[in-house]
Novice: 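Provided herewith is a single structure, encoded as structure tokens, for subsequent inquiry.
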Amino acid sequence: MDPNAGLDELMARYRAAIERYVEAGEERELQAAYDFGRAAFEAGTSLLELVAVHREVAESALADESQGRGPDRVRATFDFLVEGLATFE
């Protein structure tokens, strides 16, 4: 069994949730960020692991300049990250 399987699943969930928030900007997705942060904390995910995944997602958001929304998308990813990190305080 792959020891990173749990982390990989957690990170895939994070990526999906942040992409939903970036696209929709719904308040419920920020709640999902908080819930995710709590689950990541309880699973022993480090801040560095979480920020590394966040960086990948933010880079993808910035690369999507086709609609001129790159900066707004990046800002949204950081709103999501801040909410997700609240549990780590």
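If you read the sequence from its start, that first residue is 1, and numbering goes on from there. Heavy-atom basis, side chains included; hydrogens, waters and symmetry copies ignored. All values reported here derive from a predicted model rather than from experimental measurement.
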Novice: Can you name the closest pair of heavy atoms from E83 and L30 and give their distance?
Specialist: CG-O, 3.1 Å
Novice: Return the set of residues passing side-chain contact (heavy atoms from CB on, under 4.5 Å) with A32 (not counting sequence neighbours), or none when no residue passes.
Specialist: E29
Novice: Taking a hydrophobic cluster as the set of Ile, Leu, Val, Met, Phe, Trp and Tyr residues connected by side-chain heavy atoms closer than 4.5 Å, whether directly or through intermediates, do V82 and L47 fall within one such cluster?
Specialist: no
Novice: Going by atom type alone, with no hydrogens or angles, which donor-acceptor pairs under 3.5 Å involve a side-chain atom of residues 33-45 and a protein atom two or more places apart or on another chain?
Specialist:
unit_1	atom_1	unit_2	atom_2	d
D35	OD1	Q31	NE2	2.8
D35	OD1	R38	NH2	3.4
T45	OG1	A40	O	3.2

Novice: Students often mix this up, so state it plainly: with edges at 30° and 60°, are the rings of Y14 and F80 parallel, tilted or perpendicular?
Specialist: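 The rings of Y14 and F80 stand perpendicular, inter-plane angle above 60°.
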Novice: Would you say V51 and F88 are hydrophobically clustered, going by side-chain heavy atoms of ILVMFWY under 4.5 Å?
Specialist: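 Unlinked, V51 and F88 end up in two clusters.
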Novice: Just jot down the side-chain contact (heavy atoms from CB on, under 4.5 Å) partners of R15, sequence neighbours excluded, or say none.
Specialist: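 R15 satisfies side-chain contact (heavy atoms from CB on, under 4.5 Å) with E19, V53, E56, V57 only.
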